[in-house]
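Notes for the one structure printed next.
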Protein chains: 2
Amino acid sequence: MRLTTKGRYAVTAMLDLAYHSPSRPVTLTDIATRQTISLSYLEQLFARLRKAGMVKGVRGPGGGYKLSRDSSQINIADIIEAVDEQVDSTKCGGEGNCQNNQPCLTHDLWMGLSDQIRSYLKGISLGSLLEQDMVSEVARRQDMDMEKVIDLPVTLQEKITA
Amino acid sequence: MRLTTKGRYAVTAMLDLAYHSPSRPVTLTDIATRQTISLSYLEQLFARLRKAGMVKGVRGPGGGYKLSRDSSQINIADIIEAVDEQVDSTKCGGEGNCQNNQPCLTHDLWMGLSDQIRSYLKGISLGSLLEQDMVSEVARRQDMDMEKVIDLPVTLQEKITA
DNA sequence: TAAATAATTGACTAATTTACTGGGTTTTAC
DNA sequence: GTAAAACCCAGTAAATTAGTCAATTATTTA
C-alpha cells in the first residue's frame, strides 16, 4: 500500500463521480474540469478503475461513467490499489528472500504496517465521505463554480449553432 | 502524508539503529550492509533525520549514529515526515486556493485522510516495533548473517596489525 | 603528531514513476 | 450520418527515487 498523488487523484475523481452519479452518467470531461485533472490522465486512471470493476463506462452521447456499486460499497483502499501498480517486489521478488534467501526486516516490517493502513482505509467508503458536511459542501460549490465557468462557452456555442 | 519506498527505507534504517544503538553508535556502513541500502542514499536520509533532531552523529573512529531519544519516544510518522519533502502544494500552494481561490475537494479530502493516517502512525513507536517478536528475530538473524560476512576481513585485519 | 575513521557536504547521474499531450477508433443517441 | 462520449495507444515532460563520486571536517587512537 502506497499513498501518492496518483491515489489522491483517483480518490478525488471517484468521490466526484459518487456525488454526481446517481442521476446520470458523468463524463470525464466534467470531472476533469471540476477537479482540474488532465482528461487523458483521468482516462488512464478510469481504465484501471473499470478493469477493477468499480465503475462502468457508458458510451455514446449522454454517456459517461457510473459507479458499478453503491457508494457505500466502495472503499478507499480498493480505489488506491486499483490505480497503484503494486510495486511490492522492493527486492524480495514476492516471497521474502531478499537477504540471503530469508525475509528481510524491510519486508516484514513494512508489509505489516501497510496491512494495517490498508485495513484502516478499507473501513472508509465513498458513501461515508459524502455524508461529511465539508465534502458535500465543497462539491456543491464546485458545481456552482462550474456553471459560471461553463456558461460563457455554452452561450457562445449556442450563438455559433444558431 | 505520503507512503513511499523512501519512507520505508528510513523506517527500516531507524529500526535497525534502534535495535543496535543502546550499546554504541552504529555506522551507516553497518546499516547499509544489513539492510542492503546504498550507503550514499542512507547518508542523504540521515542528513534529514539529523536535521529533524531524531538522531545524533558521532564523528571519528568508533563513531556512527545514535538515537537522540529513547526508541519509545520516536514514532513512525515523524520518521516519514522527516525524509519526505512535504509535497503538499499539490496546487493549493498551502492555503486551499487551487480552485477559483477556494479550497478544492482534493485538498480537504486528502488532508483529512492523511491526517488520520498520520495520527495512526504517530501511535507506533520504534520501541513498540522492537517488542514484536518477529522484528527482533529478524534483526538477530541479520546480525548473525553479518558476522559470517564480516568475519574474514576482521580476522585478516587482526593478522595485519599483529 | 600522524593516521585512520566516519560523519558531513554537495554536485551530479540513471532509472523509474507520474502526469500529461495528442492522435486515433469505436459505440451510440439523436 | 453526425456528434458525443468512451476507449485505446504511443510518446514525452516533469518529478521523484535511488545511487555515484569526490571532496571536507571532526575525532579517536596509536
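Below, read A as the first sequence line, B as the second, and so on, with proteins coming before strands; counting in each chain starts at 1. Excluded from the calculations below are hydrogen atoms, water molecules and symmetry mates; all remaining heavy atoms, backbone and side chain alike, are included.
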- Message: Any side-chain N or O of A/Arg48 below 4.0 angstrom from OP1/OP2 of D/dC8?
- Response: no

- Looking at A/Thr27, does any N or O in its side chain come under 4.0 Å of the phosphate oxygens OP1/OP2 on D/dA4? no

- Are B/Met14 and B/Val55 close enough that some pair of their side-chain heavy atoms sits under 4.5 Å apart? yes

- Task: Provide the closest heavy-atom pair for B/Ala13 versus B/Phe46 in the form atom of the first, atom of the second, distance.
- Result: CB-CE1, 3.8 Å

- Task: Examine distances only and state if a side-chain atom of A/Ser125 and a backbone atom of A/Asn75 form a donor-acceptor pair shorter than 3.5 Å.
- Result: no

- With respect to the phosphate group of C/dT8, does any side-chain polar atom (N or O) of B/Arg50 fall under 4.0 Å of OP1 or OP2? yes

- Task: Return no unless some side-chain N or O of B/Thr4 is found under 4.0 Å from OP1 or OP2 of D/dT17.
- Result: yes

- Tell me: CG of A/Leu45 to P of D/dC8, nearest whole Å? 15 Å

- Check: B/Thr12 side chain, B/Arg8 main-chain N or O, donor-acceptor pair, under 3.5 Å: yes

- Task: Ignoring backbone atoms, test whether B/Tyr41 places a side-chain nitrogen or oxygen under 4.0 Å from the OP1 or OP2 oxygen of D/dG19.
- Result: no

- Query: Does A/Ser68 reach the main-chain N or O of A/Gly53 with its side chain, forming a donor-acceptor pair under 3.5 Å?
  - Reply: yes

- Nearest-nucleotide pick for B/Leu28, side chain only, options being C/dA7, D/dT17, D/dT28: C/dA7

- In whole angstroms, the gap separating C1' of D/dA10 from CD of A/Glu43 amounts to 14 Å

- Taking NZ from A/Lys6 and P from C/dT16, how many angstroms apart are they, rounded to a whole number? 15 Å

- Task: To the nearest Å, give me how far apart CD1 (A/Ile31) and C1' (D/dA5) are.
- Result: 13 Å

- How do A/Ser40 and A/Gly62 order along DNA chain C: which one's closest nucleotide is nearer the 5' end? A/Ser40

- Message: Just N and O in the side chain of A/Tyr65: are any of them under 4.0 Å from OP1 or OP2 of D/dC7?
- Response: yes

- Starting at CG of A/Leu39 and ending at C1' of C/dT21, how long is that distance when rounded to a whole Å? 11 Å

- Message: Without decimals, in angstroms, what is the distance between A/Phe46 CZ and D/dA6 C1'?
- Response: 12 Å

- Query: Picking from C/dT21, D/dT17, D/dA4, which would you name as closest to the side chain of B/Arg2?
  - Reply: D/dT17

- Proximity to the side chain of A/Tyr9 - top-ranked nucleotide from C/dA19, C/dT21, C/dA11: C/dA19

- Message: Heavy atoms from C-beta onward define the side chain here; which of C/dC20, D/dT27, C/dT28 lies closest to that of A/Arg59?
- Response: C/dT28

- Note on the structure: Here the distance between atom C1' of D/dT12 and atom CD of A/Gln44, to the nearest Å, is 12 Å

- Note on the structure: note: A/Arg8, atom CZ; C/dA19, atom C1'; distance rounded to Å ~ 12 Å

